[in-house]
2 protein chains.
Amino acid sequence: MTKQDIPDIVVGRLPFYLRSLQRMQQEGQQVTSSQELGARLGVSAAQIRKDLSQFGEFGKQGTGYNIQFLSNQLRKILNLDQVWDMAIIGAGDVGNALAHYSGFRNRGFQCTMIFDNTAEKIGGMIGTLVVKDVAYMADEIQAAGIKVAMLAVPADHAQEVTDLLIEAGVKAILNYAPIQLSVPESVRVENIDPATHLQRMSYYLK
Amino acid sequence: MTKQDIPDIVVGRLPFYLRSLQRMQQEGQQVTSSQELGARLGVSAAQIRKDLSQFGEFGKQGTGYNIQFLSNQLRKILNLDQVWDMAIIGAGDVGNALAHYSGFRNRGFQCTMIFDNTAEKIGGMIGTLVVKDVAYMADEIQAAGIKVAMLAVPADHAQEVTDLLIEAGVKAILNYAPIQLSVPESVRVENIDPATHLQRMSYYLK
DNA sequence: TAGATTGTTAATCGATTAACAATC
DNA sequence: TAGATTGTTAATCGATTAACAATC
């Protein structure tokens, strides 16, 4: 069973399953069912069982899923049984919020570098990180073996920075710039553009 | 042709089309084709034509689409021929970044209120906005007729704030809290959770 | 006219759901 | 055992693509 066999859309739902399981665990729950998990997430029980069955058999007939066990399995599947170092590119408001965000660590990620191109920001601290000159970005990322970057620069610089990131070996980019990045097939991109999300909802208003 | 007839997945692509068209326009282009637009966005020309045909006939055989005209049509369809007032809930790093974000205005939205629950923040300024006490949130939102909110509070308060927002008449929520909100069918929610996006990509790493 | 591109239909492809035997 | 729930198959549903007549 190779990566190619599993539809993207199935992989895309696993983080939601994991997030709900982690929350149940926090609430002290030990066991759940596809029924219960589905109700919490607004998806069908059948879909959850079908999705999970792509990767193995994680439940027991009659009783459901052990939450701890299923969480661990999902973390392994998603390569979250390690902590991924990340670089933030852009020390504006978004970069700043990302650098301070405390929610990454227990979900498999941590920020270890932040870059900017403005003299006033370079050398300053954001949380525990020193803002570095983007001129050294490619070298530093490559030297540190960083594979994941969050891109929070203005749209008109996003593509050139992306090209540098890819050259430096980055394989996953969380893109906050409101622009469609062009990347080779071997690089994953996820986009976060609040205005796009808002526009999806405004259709249904009025 | 009612809202129900158009699949969500089609509506979800319209903002991307609009964003690309606006960019083309900035670059001085006057006309485009489903071919060209598709290439820019990484979707098929047939899909673009099919999606647009759900709403009307906007092109001309042989020549393609007038960018200005198609943009205007898409804006009308998405109810973006007006500016939607928005409230930000939570004046932490995310709320702060949203309040300062300059990209909303020319995409149909503007922030007019921000709320928090901490005494130190209430009364302070963020950009041009005064931070207000969340205790008055429901009343102020209702009085102003605000229909769109961006939720940037910790996960453990997100649901209770949501309930208040809905009571106050909010119909669209952009949710930054890493939790599945429960809302009535008449309310739209879009979620932005960077960790979820990162986890979707880590599956393909290694 | 010749070339290009739309809007639409029918065919294909893929995803979701329903149902149930297996079994805890 | 009786009740519950899994994993999986087959049926259904929906979305995408290919193809082409219409026409600018």
Side-chain angles (χ1 to χ4, degrees), chain A residues 1-18 20-21 24 29-74 77 200 203, chain B residues 1-18 20-21 24 29-74 77 200 203:
Chain A
M1 194 179 325
T2 66
K3 303 273 171 188
Q4 289 85 327
D5 293 324
I6 314 277
D8 271 14
I9 198 164
V10 172
V11 175
R13 282 190 292 259
L14 300 186
F16 290 119
Y17 299 167
L18 180 57
S20 269
L21 291 167
M24 288 177 178
Q29 205 175 326
Q30 310 239 332
V31 169
T32 188
S33 64
S34 58
Q35 179 79 59
E36 183 189 37
L37 191 55
R40 263 178 106 120
L41 288 163
V43 305
S44 74
Q47 179 160 85
I48 289 178
R49 294 202 301 279
K50 191 98 209 290
D51 284 353
L52 296 178
S53 75
Q54 302 259 21
F55 302 95
E57 309 192 354
F58 305 122
K60 272 200 180 56
Q61 285 102 324
T63 61
Y65 301 91
N66 177 289
I67 291 175
Q68 172 79 67
F69 176 75
L70 182 55
S71 298
N72 284 340
Q73 294 300 310
L74 287 178
I77 291 165
R200 279 181 182 170
Y203 173 77
Chain B
M1 194 178 324
T2 67
K3 302 272 168 187
Q4 288 83 326
D5 293 325
I6 314 277
D8 271 14
I9 198 164
V10 172
V11 174
R13 282 189 290 261
L14 300 187
F16 290 119
Y17 300 166
L18 179 56
S20 269
L21 290 168
M24 287 176 178
Q29 205 174 327
Q30 309 239 333
V31 169
T32 188
S33 64
S34 57
Q35 180 79 59
E36 184 190 36
L37 191 55
R40 262 178 108 119
L41 288 163
V43 306
S44 74
Q47 179 158 86
I48 288 177
R49 295 201 303 278
K50 191 96 207 291
D51 284 353
L52 295 179
S53 75
Q54 303 259 20
F55 302 95
E57 309 193 354
F58 306 121
K60 272 200 179 56
Q61 286 102 324
T63 61
Y65 301 91
N66 177 289
I67 291 175
Q68 173 78 66
F69 176 75
L70 183 54
S71 299
N72 284 340
Q73 293 301 309
L74 288 177
I77 291 165
R200 279 182 182 170
Y203 173 77

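In what follows, chains are A, B, ... by sequence order, proteins preceding strands, each numbered from 1. All heavy atoms count here, side chains included; hydrogens, waters and symmetry mates do not.
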Distance, rounded to the nearest Å, where [X] contributes [atom1] and [N] contributes [atom2]:
X: A:Leu37; N: D:dT5; atom1: CG; atom2: P; value: 13 Å
X: A:Leu70; N: D:dT5; atom1: CG; atom2: P; value: 16 Å
X: B:Gln35; N: C:dG7; atom1: CD; atom2: P; value: 15 Å
X: A:Asn66; N: D:dT6; atom1: CG; atom2: C1'; value: 15 Å
X: B:Glu57; N: C:dT8; atom1: CD; atom2: C1'; value: 9 Å

Inset, instruction - Report, as a single string ordered 5' to 3', how protein heavy atoms within less than 4.0 Å touch nucleotides 13-24 of chain C: B base, S sugar-phosphate only, - not at all. - result: --SBBBB--BBB
Legend entry - B:Leu18, B:Leu14, B:Asn72 screened by side-chain contact (heavy atoms from CB on, under 4.5 Å) with B:Ile77, the one that passes: B:Leu14
Please examine the side chains of [Y] and [X], heavy atoms only from C-beta on, and report whether any two atoms are closer than 4.5 Å.
X: A:Pro7; Y: A:Gln54; answer: yes
X: B:Val43; Y: B:Asp51; answer: no
X: A:Tyr65; Y: A:Leu37; answer: no

What do you reckon, is [atom1] of [X] surrounded by more than 12 foreign heavy atoms closer than 6.0 Å?
X: A:Gln29; atom1: CD; value: yes
X: A:Gln35; atom1: CD; value: no
X: B:Gln73; atom1: CD; value: yes

Legend entry - Duplex segments of DNA chain D, taken as runs of at least three Watson-Crick or G-U pairs that stay under 3.5 Å: C:3-24 with D:3-24
Legend entry - Interatomic spacing from CG in A:Leu74 to OH in B:Tyr203 - rounded to 0.5 Å: 12.0 Å
Legend entry - A:Tyr65 side-chain N/O to D:dG7 phosphate OP1/OP2 under 4.0 Å: yes
